[in-house]
Undergrad: 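Below you will find the structure I want to go over with you.
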Amino acid sequence: MNSSTNTASHGRGLPPKWQAPSGPVFKRLTASGVPYVRFGVWCSVAALIIVPLTAVVALAISGNRWDTLWTTETFNAGINSLVSAGLSAVFAVVIGTVLALLLDRTNLPGRGILRIFLLSPLLVPPFVGAIAWLGLFGPGGQINHFWSQVFGSPLWNMYGGAGVVFLLTVHSYPLAYLIIGAALRRVPGDLEQAAQISGANPWRAVTKITMPLVRPAQISAFTLIAVQNLADFGIPAIIGTPGGYQTLATMIYRYIQSGTVSEPLQVVSTIGALLLLLAIIGVLLEYRASGRSMGLEGPSAPQQTLDLSTWKHVVGFISWTVGLAITVLPLLALAVQSFLSAPGQPLRWENLTLNSMMRALTANTTIVGAYNSIFLAASAALICGVIGGLVSVLLTRTLSRTNVPLRIVVMLPQAVPGLILAVGWLLIGPALGLFNTIWLILCAYVMGFIALVVQTVNAPLRSIPVALEEAARISGAGGLRTLITISWRMAMPAIFTGMMLVLLTSVRELTISVLLLAPGSQTLGVAIFNLQQAGDYNAASALSLIVVVLGLFGLSLTIRTKSRS
């Protein structure tokens with residue numbers, strides 16, 4: 001709103017506090033209830049994030065084990081962590097951007113069904129995916145076995161750093177697609193139409209007009225994936241460790257479980273303090289970069305479908321081939337291991353049995369784990385949706401000096417291995433009366449996954465014009481009412497997407513649950529991990545296959561529901 005508009009508002013008798021804001025977000029909120037919402041959000045964030053992390057830092061300072069940071073082992077593990085997380089995040093964003101264009105904007109054949117296949121790695125726990133891919137490209141994997149018989153040597157031994165980067169990318173690109181695709185669908189189609197009227201072809205209009213507007217979502221996706229992969233434990237433990245590729249997460253786990261160092265909690269807390277510093281730096285850089293996004297004003301025209309013309313069938317063939325290879329082959333490997341009577345047996349009819357499947361389904365640990373996983377995942381998704389949605393609305397639609405600190409605090413847990421988060425809650429759990437309860441796991445889940453909602457909501461909400469909020473303010477609505485009736489309602493689709501991400505991530509979580517495991521609080525991830533550790537590989541594969549199939553079914557229902565809405 002310019003000054004002349006504000007003067008006109010005075011002429012109509014509107015009091016000064018109801019003037020339309022002059023900037024992209026609300027500036028006059030002191031007379032409304034928004035400060036109370038901000039205070040409540042800060043209290044929740046402090047209890048769920050600041051207190052546990054402070055306990056870790058306090059233990060690191062009092063433990064005085066800073067000498068462990070300068071060892072060769074810690075340095076090499078840190079470099080490996082940064083390389084694997086950074087490369088996998090870059091590859092995931094590139095793949096996610098390409099998929100967003102192909103699946104959401106082009107006439108690619110069968111893109112609806114292909115989308116389900118390509119999103120399937122999101123439903124597979126990373127450590128389960130590692131086990132499945134080892135069945136293909138491990139030393140005794142089926143593809144390597146076939147390749148050795150034909151060409152005399154294995155195709156690829158995926159143990160080591162290359163395998164870690166590959167699997168981290170496979171399990172990360174669906175998240176990049178969801179974030180970038182949501183932002184891509186929010187770009188008004190009339191911008192591309194204006195470019196085409198000026199002489200640009202449709203693809204040039206997309207690359208020169210649409211893609212720069214999607215860049216904040218790409219930056220958000222890169223940051224979220226990089227810090228998430230930095231903290232991943234399952235893939236480096238199963239794929240990296242046998243090949244001598246150690247990350248900070250696997251080193252921390254070894255310190256806690258093996259007792260190879262004295263006072264392991266102090267050592268782990270010291271490494272966690274270093275990761276917190278790196279997280280603060282990363283979030284600050286991401287905030288400065290994404291803060292330069294552009295606001296879009298005015299009505300929006302429908303987006304035009306991009307025609308692949310003569311390349312449609314070629315691109316479709318390549319997309320389907322790659323998609324099926326990435327998603328179907330690991331599932332087939334899991335299925336083979338599930339129905340074989342013993343590991344390593346050849347795939348023959350006489351070796352197939354349902355015993356492993358029945359054992360996995362009827363085990364008491366499976367029933368208890370399924371109940372706990374559903375309860376924890378649904379509760380974490382709901383809590384993260386409410387708190388994360390409020391955080392996103394405050395960050396993108398209001399001005400406050402506390403916005404930057406709030407964003408940093410919310411993002412910190414994503415850069416820290418789940419083992420560190422679990423240690424924080426182990427330290428404060430007894431004082432809260434939550435030790436050895438399922439509620440301790442729920443608190444750690446909310447702490448670790450709230451950033452999923454914030455990152456998913458921020459980019460789409462930032463690109464929405466503020467004209468509706470300005471109109472509500474001019475009409476006399478207070479700041480709190482405007483945020484609830486306008487901003488919150490506009491954010492709901494993205495909040496729902498973020499909640500689904502939390503739900504799917506919580507169901508497959510392992511690291512936090514293993515360390516905070518208490519009697520009666522076993523989860524599906526822990527049940528699968530225990531079967532694998534006990535050497536019952538067939539039952540572990542059978543239970544994993546059931547979880548993946550049910551997840552694919554739920555995902556297909558979600559996509560069909562959204563397509564009809």
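The structure presented is a predicted model; accordingly, all values stated were derived computationally and were not measured. Position 1 is the first residue of the sequence; numbering continues from there.
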Undergrad: Quick one: are Ile131 and Ile528 in side-chain contact, heavy atoms under 4.5 Å?
TA: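 Side chain of Ile131 against side chain of Ile528, heavy atoms only: no contact under 4.5 Å found.
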Undergrad: Side chains of Gln218 and Thr97: is there a donor and an acceptor less than 3.5 Å apart?
TA: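 There is such a pair between these side chains.
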Undergrad: Using modelled atom types and a 3.5 Å cut-off, is there a donor and acceptor pairing between side-chain atoms of Ser541 and backbone atoms of Leu334?
TA: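 Absent.
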Undergrad: Are the side chains of Leu501 and Val453 in touch, meaning some heavy atoms are under 4.5 Å apart?
TA: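 Counting from C-beta outward, Leu501 and Val453 never come under 4.5 Å.
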Undergrad: Determine whether a donor-acceptor pair (N or O, by modelled atom type, separation under 3.5 Å) exists between the side chain of Ser44 and the backbone of Gly40.
TA: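 Indeed, once roles are kept as given, a pair shorter than 3.5 Å links the two residues.
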Undergrad: Using ring centroids (six-membered ring only for Trp), state whether Trp439 and Phe375 fall under 6.0 Å.
TA: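 Close enough - the centres of the two rings lie under 6.0 Å apart.
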Undergrad: Do the rings of Trp133 and Phe166 sit parallel, tilted or perpendicular, given the 30° and 60° boundaries?
TA: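 Ring orientation, 0 to 90° scale: perpendicular.
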Undergrad: If I take atom CD1 from residue Ile79 and atom CD from residue Gln246, how far apart are they, to the nearest 0.5 angstrom?
TA: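 It comes to 13.5 Å.
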Undergrad: Between Thr223 and Met411, is the side chain to side chain contact (heavy atoms under 4.5 Å, CB included) condition met? List the steps.
TA: CA-CA 9 Å; Thr223 304; Met411 282 297 299; 4.2 Å; yes
Undergrad: Check the pair Ile326 / Val322 against side chain to side chain contact (heavy atoms under 4.5 Å, CB included), numbers first and verdict last.
TA: CA-CA 6 Å; Ile326 290 179; Val322 174; 3.7 Å; yes
Undergrad: Is any side-chain heavy atom of Val98 less than 4.5 Å from a side-chain heavy atom of Tyr177?
TA: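 Sidechains of Tyr177 and Val98: no contact.
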Undergrad: Kindly compute the distance separating CD1 (Ile235) from OG (Ser172), expressed to the nearest 0.5 Å.
TA: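 Taking CD1 in Ile235 and OG in Ser172, the distance rounds to 7.0 Å.
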Undergrad: Within the side chain of Asn80, is there an N or O that forms a donor-acceptor pair under 3.5 Å with the backbone of Thr247?
TA: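 Here the side-chain-to-backbone pair does not exist.
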Undergrad: Just wondering, do Glu509 and Leu376 contact through their side chains at under 4.5 Å, heavy atoms?
TA: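 Contact flag for Leu376/Glu509 side chains = no.
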Undergrad: Examine distances only and state if a side-chain atom of Asn372 and a backbone atom of Gln522 form a donor-acceptor pair shorter than 3.5 Å.
TA: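 Checked: pair present.
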Undergrad: May I ask you to test the Asn403-Arg38 pair for a side-chain heavy-atom distance under 4.5 Å?
TA: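 Asn403 reaches Arg38 side chain to side chain.
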Undergrad: Which pair of heavy atoms, one from Val45 and one from Leu406, lies closest together, and at what distance?
TA: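 Nearest heavy atoms, Val45 then Leu406: CG2-CD1, 4.1 Å.
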Undergrad: Return the OH to OG1 distance between Tyr255 and Thr74, rounded to the nearest 0.5 Å.
TA: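 Atom-to-atom, Tyr255:OH and Thr74:OG1 are 4.5 Å apart.
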Undergrad: Without hydrogens or angle criteria, can the side chains of Ser513 and Tyr445 be said to hold a donor-acceptor pair below 3.5 Å?
TA: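 Their side chains do contain a donor-acceptor pair, which is all the 3.5 Å distance test asks for.
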Undergrad: Looking at every non-hydrogen atom in both residues, tell me the closest pair between Thr270 and Arg65 and how far apart they are.
TA: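 So the minimum-distance heavy-atom pair works out to CG2-O, 3.6 Å.
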Undergrad: Verify, without hydrogens or angle tests, whether Ser373 (side chain) and Leu524 (backbone) share a donor-acceptor contact under 3.5 angstrom.
TA: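 Pair found, side chain donor or acceptor close to backbone of Leu524.
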Undergrad: To the closest 0.5 Å, what do you measure between CG (Leu432) and CH2 (Trp425)?
TA: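 The distance works out to 6.5 Å.
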Undergrad: Between CZ of Arg254 and CD of Glu73, what distance do you get to the nearest 0.5 Å?
TA: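 If we round to the nearest 0.5 Å, Arg254:CZ and Glu73:CD are 4.5 Å apart.
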Undergrad: Closest heavy-atom contact between Gly389 and Ile495?
TA: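 Scanning both residues, the minimum pair turns out to be CA-CD1, 3.7 Å.
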Undergrad: Testing the basics here: between Tyr173 and Leu118, what is the closest heavy-atom pair and its distance to 0.1 Å?
TA: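 That closest heavy-atom pairing would be OH-O, 2.8 Å.
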Undergrad: Any side-chain heavy atom of Val526 within less than 4.5 Å of one from Thr523?
TA: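 When only atoms from C-beta onward are counted, Thr523 and Val526 do touch, with a gap below 4.5 Å.
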Undergrad: State whether the side chain of Ser269 and the backbone N or O of Leu265 hold a donor-acceptor pair below 3.5 Å, judged by distance alone.
TA: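 Yes: the side chain of Ser269 pairs with the backbone of Leu265.
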Undergrad: Taking all atoms of both residues into account, what is the closest heavy-atom pair of Val391 and Val410, and its distance?
TA: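 In this case the closest contact between Val391 and Val410 is CG1-CG2, 4.1 Å.
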Undergrad: Any non-hydrogen side-chain atom of Ile239 less than 4.5 Å from a side-chain atom of Leu167?
TA: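 Contact flag for Ile239/Leu167 side chains = yes.
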Undergrad: One pair to check against side chain to side chain contact (heavy atoms under 4.5 Å, CB included): Met251 and Leu248. What are the steps and the verdict?
TA: CA-CA 5 Å; Met251 186 180 69; Leu248 289 175; 3.8 Å; yes
Undergrad: Any sub-3.5 Å donor-acceptor pair from Thr241's side-chain atoms to Ile238's backbone N or O?
TA: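 The answer is no, because no donor-acceptor pair under 3.5 Å joins these two groups.
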Undergrad: If you take all heavy atoms of Asn229 and Ala89, which pair is closest and at what distance?
TA: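 Where Asn229 meets Ala89 most closely, the heavy atoms are ND2-N, 4.4 Å.
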Undergrad: Can you list the steps and then say if Ser84 with Leu168 is a side chain to side chain contact (heavy atoms under 4.5 Å, CB included)?
TA: CA-CA 8 Å; Ser84 59; Leu168 287 176; 4.1 Å; yes
Undergrad: Would you confirm whether Ser88, through its side chain, and Thr169, through its main-chain N or O, come within 3.5 Å as a donor-acceptor pair?
TA: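 No, because the side chain of Ser88 does not come within donor-acceptor range (under 3.5 Å) of the backbone of Thr169.
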Undergrad: Is there a side-chain contact between Asp232 and Pro126, using heavy atoms and a 4.5 Å cut-off?
TA: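 Yes; the side chains approach each other to less than 4.5 Å.
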Undergrad: Rounded to the nearest 0.5 Å, what separation is found between the CG atom of Leu119 and the CG atom of Leu175?
TA: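 Between Leu119 CG and Leu175 CG, I get 10.5 Å after rounding to 0.5 Å.
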Undergrad: Among Val502, Leu382, Ile383, Ile49, which residue satisfies the side chain to side chain contact (heavy atoms under 4.5 Å, CB included) criterion with Val446?
TA: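 Answer to the side chain to side chain contact (heavy atoms under 4.5 Å, CB included) test with Val446 among Val502, Leu382, Ile383, Ile49: Ile383.
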Undergrad: Would you say the side-chain atoms of Ser62 pair up with the backbone N or O of Leu59, donor to acceptor, closer than 3.5 Å?
TA: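 Such a contact is found between Ser62 side chain and Leu59 backbone.
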